[in-house]
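First the structure, in the form of structure tokens, and then the observations on it.
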Amino acid sequence: MTKTNLVGAGPEEIEAVVAELGEPRYRARQIYAGVYGRRRTSWDQFTELSKTLRARLAERCAIDYPALLRSFDSADGTRRYLFEVPPRERIESVFIPEQKRDTFCVSTQVGCAVECLFCVTGKIPMRRNLSAGEIVGQVLALQADRGTVSKRLNLVLMGMGEPLLNFDHVMKAIRILTDPDAFSISPRRITLSTAGVVPGIERLALEPVIPNLAISLNATTDEVRDTLIPINRKWNIATLLGACRNFPLERRRRITVEYVLIAGVNDTDEDASRLVKLLRGLRKKVNLIPLNADPWVPLRPPSEERVAAFRKILLDCRITAYVRRPRGNDISAACGMLAGRLTPPGSQEETPQAPESNRGGAERPEAAADGIPRP
Ligand code: SAH
Ligand code: SF4
């Protein structure tokens, strides 16, 4: 009999297991707190339970985190984790140390169906949604690796995949992550980033626990956004920003508007002025992300001066705008770079989601003389 993995189980599922074993209900709470709050991985650690019950639990239930294949350390302290999930798929998470906080970036899908032009994850065909267990399992595995549990932990759903296209599993994971008996991470410390799945934003607005919302806007005209983010043809800029304006925000909370700056595509002064107009009336902050270049992406980042000029136009209109410096670029861990790669960039072995093992993904494109890959 295959064992039920309790990583990803909600309180009611653990109650069902406990009921089947003929045990009182409060045992479920003990198990739930042990798995998530105390991060126990073996039934032997549940010393508050009788030996007989522990043995019966061990027969029926597992406490399994995603299998860590490798981790990669960047010169800037960032660590990229490569996990294998069934059936032999690869996903990634990133630990990003910052001055005032640590950030965990986790994946929500294997590959991504949205296929944004600028994103390496989007080059991997969508394989499947991750389960709630595989999402919280990444957090558990990272916490286990870091040893101590950071008090200033921020969690961002900005790894591989589009979280709002895996709505139910993502929301289940968020409920466990925020539950005081489990991870007890404040929803204010969790950010969900979407490429603009409007029905998902509308559903999120109705949830009892709502994380911070980030939208990847990345363009100021539908013409450009259509080419960068194909789902813009379904939910255009006006529809997306309309959903953001209706999104309930608690006091002092703001929507994060991510804007990947791409040379000659969306980085002009006119774009900056249009962005100011588009965002009028929205409580927001803007994160400008100079494109992370990659052989898989046929685009280039703007110069530092262009980035600064773009930001100044926003600041002059009293819009909070930060420039996000890439973290973990040397280990393919920066925004949009997650592709299940086994080796750091520049290495000869580099193969995003190795095709020979049927893990999805295409062959690495041949770089032409100008360094731009051709489809
Ligand atoms: N699918 C979600 C979350 C994951 S992507 C989304 O798109 O929002 C996280 C962020 O990385 C997004 O804001 C995306 O615009 C950005 N990104 C993707 N590719 C990038 C690249 N090559 N350089 C810089 N940022 C990139
Ligand atoms: Fe998917 Fe986000 Fe990458 Fe677009 S930017 S392909 S939505 S992961």
Side-chain angles (χ1 to χ4, degrees), residues 91-94 96 103-127 129-130 135 138 155-167 170 190-198 200-201 204 211-219 224-235 240 244 255-263 265-267 284-302 307 322-329 332-341 345 352-353 360-361 372-373:
I91 56 159
E92 297 187 308
S93 322
V94 185
I96 309 148
T103 300
F104 284 0
C105 174
V106 299
S107 294
T108 55
Q109 297 181 311
V110 184
C112 186
V114 181
E115 298 183 9
C116 299
L117 189 65
F118 47 84
C119 173
V120 181
T121 306
K123 312 289 174 236
I124 302 170
M126 164 63 182
R127 309 286 288 175
N129 284 331
L130 294 184
I135 298 168
Q138 293 170 65
L155 199 64
V156 295
L157 304 181
M158 295 188 187
M160 297 166 73
E162 167 49 54
L164 294 182
L165 291 179
N166 182 14
F167 193 90
V170 165
I190 301 180
T191 301
L192 181 154
S193 175
T194 178
V197 180
V198 168
I201 297 175
L204 185 64
N212 295 312
L213 178 66
I215 57 156
S216 301
L217 188 62
N218 299 351
V224 172
R225 200 167 190 270
D226 281 351
T227 64
L228 294 178
I229 306 178
I231 59 166
N232 192 66
R233 293 189 203 114
K234 212 163 180 180
W235 302 292
L240 172 59
C244 290
I255 287 177
T256 303
V257 176
E258 292 155 293
Y259 195 96
V260 176
L261 283 164
I262 307 170
V265 174
N266 63 2
D267 65 339
K284 76 277 171 180
K285 64 173 183 196
V286 175
N287 279 342
L288 299 172
I289 315 172
L291 178 87
N292 294 310
D294 188 280
W296 284 71
V297 173
L299 301 162
R300 272 183 288 268
V307 173
Y322 304 98
V323 176
R324 302 303 300 242
R325 294 289 155 208
R327 298 293 306 266
N329 227 350
S332 297
C335 289
M337 297 291 107
L338 301 183
R341 289 186 255 213
Q353 297 273 321
I372 296 175

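Both counts, for ligands and for their atoms, begin at 1 and track the order of listing.
- Although no hydrogens or angles enter the test, the distance criterion places no donor-acceptor pair under 3.5 Å between the side chain of R127 and the main chain of G111.
- Among all non-hydrogen protein atoms, the one lying nearest atom 9 (C) of ligand 1 is M158 O, 3.7 Å.
- Rounding to the nearest 0.5 Å gives a distance of 5.0 Å between CD of E258 and CD1 of I289.
- Contact check for R324 versus C335: no side-chain heavy atoms found under the 4.5 Å cut-off.
- Considering each of S216, P326, C116, the one bringing a non-hydrogen atom nearest atom 14 (C) of ligand 1 is S216.
- In terms of modelled atom types and a separation under 3.5 Å, the side chain of K123 and the main chain of L117 share a donor-acceptor contact.
- The side-chain heavy atoms of L130 and V110, taken from C-beta on, include a pair separated by under 4.5 Å.
- Under 4.0 Å from ligand 1, the heavy atoms of V260 that appear belong solely to its side chain.
- Residues I201 and L240 have side chains in contact (heavy-atom distance under 4.5 Å, counting atoms from C-beta outward).
- By the 4.0 Å heavy-atom criterion, G161 is counted among the residues contacting ligand 1.
- Among the atoms of F118, some N or O lies under 3.5 angstrom from an N or O of ligand 1.
- When heavy-atom distances to ligand 1 are checked against a 4.0 Å cut-off, N218 comes that close only through its side chain, counted from C-beta outward.
- Pairs engaging residues 104-122 under the side chain to side chain donor-acceptor pair (under 3.5 Å) rule: Q109-N129 [sequence neighbours left out].
- Ligand 1 places these atoms under 4.0 Å from at least one heavy atom of I289: 24 (C), 25 (N).
- Of all atoms in ligand 1, listed by their number and element, those nearer than 4.0 Å to a heavy atom of E162 are 1 (N), 2 (C).
- Of all protein heavy atoms, the one closest to atom 11 (O) of ligand 1 is C335 CB, 3.6 Å.
- Which parts of ligand 1 touch L291 is read off a 4.0 Å heavy-atom cut-off, strictly below it: atoms 21 (C), 22 (N), 23 (N).
- If you look at N292 next to ligand 1, the close heavy atoms, those under 4.0 Å, come from the backbone and the side chain alike.
- Near M337, meaning under 4.0 Å from any of its heavy atoms, are these atoms of ligand 1: 22 (N).
- With sequence neighbours excluded, no residue satisfies salt bridge (charged side-chain N to carboxylate O under 4.0 Å, His left out) with E162.
- The closest non-hydrogen atom to atom 10 (C) of ligand 1, taken over M160, Q109, E258, comes from E258.
- When only non-hydrogen protein atoms are considered, atom 3 (C) of ligand 1 lies nearest to S193 O, 3.5 Å.
- Between the side chain of N218 and the main chain of V260, a donor-acceptor pair closer than 3.5 Å is present.
- The protein heavy-atom contact nearest to atom 4 (C) of ligand 1 is G159 O, 3.4 Å.
- Shown here for V198 and W235, the closest heavy-atom pair between the two residues is CG2-CB, 3.6 Å.
- Of all atoms in ligand 1, numbered sequentially from 1 with element shown, those under 4.0 Å from a heavy atom of T194 are 6 (C), 8 (O).
- Taking the side-chain contact (heavy atoms from CB on, under 4.5 Å) definition, one finds that P211 meets it with I174, I190, L192, L204, sequence neighbours left out.
- Taking a cutoff of 4.0 Å between a charged side-chain nitrogen and a carboxylate oxygen, R341 and D294 qualify as a salt bridge.
- Note that CG of L261 and CG of L291 are 9.0 Å apart. Values are rounded to the nearest 0.5 Å.
- Counting heavy atoms from C-beta outward, I124 and M160 have side chains that approach closer than 4.5 Å.
- Around atom 3 (Fe) of ligand 2, the protein atoms of type N, O or S found under 2.8 Å away are C119 SG, listed by chain and number.
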